[in-house]
Amino acid sequence: MIDPKLLRDAPNDLRAAQERRGESPAIIDDLIRADEARRSTIAQFEAVRSEQKSMGKLVAKASGEEKAALLARTKELGTAVKEAEAAQRAAGDEFTVLLKSLPNPASPEAPPGGEDDFIVLEEVGTPRDFEAEGFTPRDHLELGELLGAIDMERGAKVSGARFYYLTGVGAQLELALTQLAMSTAAKWGFTPMIPPALVKPQAMEGTGFLGQAADDVYHLDKDDLYLVGTSEVPLAAYHGDEILDGATLPKRYAAFSPCFRREAGSHGRDTRGIFRVHWFDKVEMFIYTTLDQAEAEHRRLLAWEQEWLNMLELPYRVIDVAAGDLGLSAIRKFDCEAWIPTQGKYREVSSTSNCTTFQARRLDTRVRVTQGEDTEPAATLNGTLCAMTRTIVALLENGQQADGSVKLPAALHPFLGEVLRPLES
RNA sequence: GGAGAUAUCGCAUAGUGGCCUAGUGCGCCCGCCUGCUAAGCGGGUUGAGGUUCAAACCUCUCGAGGGUUCAAAUCCCUCUAUCUCCGCCA
C-alpha cells in the first residue's frame, strides 16, 4: 500500500511508475476519484455526528416538552448518522481495495520491461568445462540417487508430484546448510528466528501474497489459515500493529522455515528432481528499517547473499530484475543465479527485494524515529540466504566428479567431510 | 474438546447508560524551586483520520466485529486472545 497522499501530491510520478511496470496508469485516476469520494463522505459523516453529539448533551439536560421536541430531532439525526456512517465505510472500503491492488511504484533505477529484460550486474566464478575435464556431467537427481541423498519416487508415492525425501547425506547436507546459514547470519548481526509456517489471512494479505500471487498459495479451508511460501510472511507480520523505537533499528532477523508453493502457473516446467517443488526449507533474511535507510540495507542484503554463495564456492551471476517482473510489494529486486551445469544456464537461488513502506503500511508497522515526534511507516526488506533444495542442486552439480562423487566447499567440510561418495552398489 | 474467569492510555487501576471532553497513581517529557542529590510545585504524555495558508477545530479509537438506544467503556450477541481447572497429547 502506498502513501495515499501521493495521489494528491504526485499523481504523475505514480502514473509513470505504473508504466515502468508495463501496467495501465488508469488506476491512478480511479484512485483519485475514490479518494475524493472517501474524503467527502468522511466530512459528511463527521458533520452529522458532531451535531448528534452536541444535541445529545442538550437532551440530557432538558425535561418535559422541551425534551420531547429535542428527542424528535435527535431521532432523525440518529438515522442520518447511520446512513452517513455506512456511506463513509462503503467509500472507504472501495478506496482501500483499490489502493491495495496498486503495486509499489517501481524504482526509476529498475530496468524497464518484463521478465527477459533484466540486467546482469556481475558474474562471479567460472563454470566448469566438463568437456575439457573429459566427462558428461550428471544432473542433480542422478547424483542424488547415486549418493543416496534424494528419493523422488517415494516422495511422489507418499505426497505426489514435486515432493521428495532427502535421505542420508542429503538430509545431513540440508541440516549442515541450515546450521551454517543460521550461525553465519547470527555472526552478521541477525537475530535467529523459527517462525510459524501457518498464518492468518491478514498476514498473507499484508505481505502482498493474496493478490495476483494468490493461486500459488496453499490455504486450509477448515481453519482459514495459509501455509507460507516464505518466512518473509511471518517475519513481516511479526511487528504488525506495533510502533518500533527508532533507536532499535535496523532490526535484522534470519528465519528458518518450511516454504509451501502450489506452483500453479508452472506445470511442466522444471519437472525433474528437486529444483521446483511444492515444499522446501529456507533460511530467509528480513530487515526493518526507516525509509531513508532502505536502499542501503538492500545493498547490504545483496552483499550478504553474495558472501554466502562465495562461501559455497558456487559460480553465479547477479541480475537486476526488470520493473515488469517485480512482485506487488517490491520497488526493486536483485536475484542471484547459480550456474547449473546440466541446464547450461544460471538459475535463481536467492532474491532480495526492497519493499520500502509498502508492506509496513498494510501491516501497520510504524517507527518513532525521535521521542516526541510523529510516527512514520517502517521500511521492510527481505532476502534469501539459503533455499535448501536449489542450493543442494547447485552444490551437487557443480561439485561432481567423473565417478559420481561430489566435492564439497570448505565451509561444509566440518559438517560432512570433503567429499560425498556414491553408495556401494 | 469441556467448565469458569478476564480484556480500559507505556504499567497499575477507577469507571453499572448522559456530569467520560475516560479520572487517579507510577513511569516518561518540559519548566519552576532548592547553592549538589533527593523531595516539592506547575504543565504535558494513546494512536489514527478529516477540514485548514495557519492557528485551531472536528471525528474515530476502552481486545475485534455486530446490535439495542436520541445517547454505549457501561446493556445484548458473535468472535479472538490470555488465565485457572478437566480431558487428550509431542
Side-chain angles (χ1 to χ4, degrees), chain A residues 1-9 31-100 194-206 220-226 234 237-249 257-258 288 290-291 357-378:
Chain A
M1 191 159 75
I2 63 157
D3 181 354
K5 287 195 175 66
L6 292 176
L7 290 167
R8 276 173 271 170
D9 298 342
L31 270 164
I32 289 170
R33 275 192 294 277
D35 185 37
E36 280 164 3
R38 174 184 72 99
R39 278 158 39 226
S40 84
T41 54
I42 287 172
Q44 282 163 29
F45 163 72
E46 289 186 355
V48 281
R49 176 62 179 159
S50 181
E51 188 182 355
Q52 182 191 42
K53 284 177 75 168
S54 47
M55 295 285 281
K57 290 204 177 74
L58 295 179
V59 172
K61 287 177 191 146
S63 57
E65 280 181 35
E66 197 189 351
K67 186 162 189 164
L70 278 171
L71 279 180
R73 171 67 186 136
T74 50
K75 185 133 189 160
E76 286 173 29
L77 267 176
T79 32
V81 166
K82 280 212 171 76
E83 282 168 18
E85 191 177 15
Q88 180 199 336
R89 184 175 317 178
D93 287 352
E94 195 178 328
F95 176 69
T96 305
V97 167
L98 204 54
L99 187 66
K100 282 189 172 174
I194 299 186
L198 284 170
V199 299
K200 296 183 194 176
Q202 199 190 354
M204 214 60 180
E205 205 274 336
L220 304 182
D221 285 324
K222 195 171 176 184
D223 303 284
D224 197 16
L225 290 170
Y226 290 89
Y238 186 64
H239 287 299
D241 297 317
E242 292 182 21
I243 298 173
L244 304 175
D245 179 352
T248 66
L249 299 181
S257 84
Y288 290 87
T290 50
L291 184 57
T357 60
F358 189 86
Q359 291 178 330
R361 282 179 193 280
R362 291 171 158 234
L363 292 160
D364 196 19
T365 303
R366 289 162 287 163
V367 180
R368 198 184 305 281
V369 177
T370 28
Q371 201 72 24
E373 296 289 305
D374 282 345
T375 64
E376 60 184 73

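A note on names: the letters A, B, ... follow the listed sequences, proteins ahead of strands, and every chain is numbered from 1.
- Within 4.0 Å (heavy atoms only), A:Glu76 reaches no atom of the nucleic acid at all.
- Checking B:A12 for Watson-Crick or G-U wobble geometry (two distances, each under 3.5 Å) identifies B:U24 as its partner.
- Base pairing of B:U78 is made with B:A64, judged by Watson-Crick or G-U wobble geometry with both donor-acceptor distances under 3.5 Å.
- Between A:Leu244 and A:Arg368 the shortest side-chain heavy-atom distance does not fall below 4.5 Å.
- Comparing B:G18 with B:G27, their C1' atoms sit 34 Å apart, to the nearest whole Å.
- For the C1' atom pair drawn from B:G49 and B:G87, the interatomic distance equals 49 Å after rounding to whole Å.
- One finds no side-chain N or O of A:Arg366 lying less than 4.0 angstrom from the OP1 or OP2 phosphate oxygen of B:G47.
- The side chain of A:Arg368 lies closest to B:G47, out of B:G47, B:U69, B:C58.
- For B:U84, the paired nucleotide is B:A3, the pair qualifying as Watson-Crick or G-U wobble because both relevant distances are below 3.5 Å.
- Spacing between B:U74 and B:G17 at atom C1', rounded to whole Å, works out to 6 Å.
- The phosphate of B:A71 has neither OP1 nor OP2 within less than 4.0 Å of any side-chain N or O from A:Lys75.
- Distance, A:Arg89 CZ to B:C60 C1': 12 Å, rounded to whole Å.
- Base-pair partner of B:C89: not found among the strands shown (Watson-Crick or G-U wobble, both distances under 3.5 Å).
- Nearest to the side-chain atoms of A:Arg49 among the listed nucleotides B:G47, B:A72, B:C58 stands B:A72.
- Heavy-atom nearest nucleotides on RNA chain B were determined for A:Lys200 and for A:Thr74, and the one closer to the 5' end corresponds to A:Thr74.
- Nucleic acid contact for A:Arg8: sugar-phosphate only, since backbone atoms but no base atoms lie under 4.0 Å from a heavy atom of the residue.
- For A:Phe45, counting side-chain heavy atoms from C-beta on, the closest listed nucleotide (B:A48, B:G50, B:C60) is B:C60.
- Across the strands present, B:G40 finds its partner in B:C32; the criterion is a Watson-Crick or G-U wobble pair with both atom distances under 3.5 angstrom.
- Counting only heavy atoms from C-beta outward, the side chains of A:Asp3 and A:Arg361 approach each other to under 4.5 Å.
- Atom C1' of B:G42 sits at a distance of 27 Å from the matching atom of B:C57, rounded to the whole Å.
- What separates NZ of A:Lys53 from P of B:C70 is a distance of 18 Å, to the nearest Å.
- With a cut-off of 3.5 Å on both Watson-Crick or G-U wobble distances, the partner of B:C19 is given as none.
- When rounded to the nearest whole Å, the span between CG of A:Leu77 and P of B:U69 equals 16 Å.
- As rounded to whole Å, 14 Å separates atom P of B:G49 from atom CG of A:Leu7.
- With a cut-off of 3.5 Å on both Watson-Crick or G-U wobble distances, the partner of B:A54 is given as none.
- Straight-line distance between the P atoms of B:C79 and B:C19: roughly 32 Å, to the nearest whole Å.
- Look at CG on A:Asp93: it is 12 Å from P on B:G65, rounded to the nearest Å.
- The nucleotide whose nearest atom lies closest to any side-chain atom of A:Lys82 is, among B:C58, B:U68, B:G47, B:U68.
- Annotation: B:A5 and B:A22 have their C1' atoms spaced 25 Å apart (nearest Å).
- If you take atom C1' in B:A14 and the same atom in B:A7, they sit 16 Å apart, rounded to whole Å.
- In this structure the side chain of A:Phe45 reaches within 4.5 angstrom of the side chain of A:Val81, judged on heavy atoms.
- When both distances must be under 3.5 Å, the Watson-Crick or G-U wobble mate of B:A73 does not exist.
- Regarding contacts with the backbone of B:G49, every side-chain N or O of A:Arg38 stays at 4.0 angstrom or more from both OP1 and OP2.
- A sub-4.0 Å separation between OP1 or OP2 of B:A71 and a side-chain N or O of A:Gln52 is present.
- Between A:Ile42 atom CD1 and B:U52 atom P there is a gap of 13 Å when expressed in whole angstrom units.
- Using modelled atom types and a 3.5 Å distance limit, the side chains of A:Arg362 and A:Gln359 yield no donor-acceptor pair.
- Of the two residues contacting RNA chain B, namely A:Arg39 and A:Glu376, the nearest-nucleotide position lying further toward the 5' end is that of A:Glu376.
- Between A:Asp241 atom CG and B:U61 atom C1' the separation is 13 Å, expressed in whole Å.
- Between B:G1 and B:A73, the two P atoms lie 34 Å apart (nearest whole Å).
- Salt bridge A:Asp35/A:Arg39: present, at least one basic N to carboxylate O contact under 4.0 Å.
- A distance-only check finds no donor-acceptor pair linking the side chain of A:Thr365 to the backbone of A:Ala378 [under 3.5 Å].
- Remark: the backbone N or O of A:Glu76 is paired with a side-chain donor or acceptor of A:Thr79 at under 3.5 angstrom.
- Between B:C58 and A:Ser50, no contact under 4.0 Å exists linking OP1 or OP2 to a side-chain N or O.
- Following rounding to the nearest Å, A:Asp374 (CG) and B:A48 (P) show an atom-to-atom distance of 7 Å.
- In A:Phe95, the CZ atom is crowded: over 12 heavy atoms of neighbouring residues, nucleotides or ligands sit closer than 6.0 Å.
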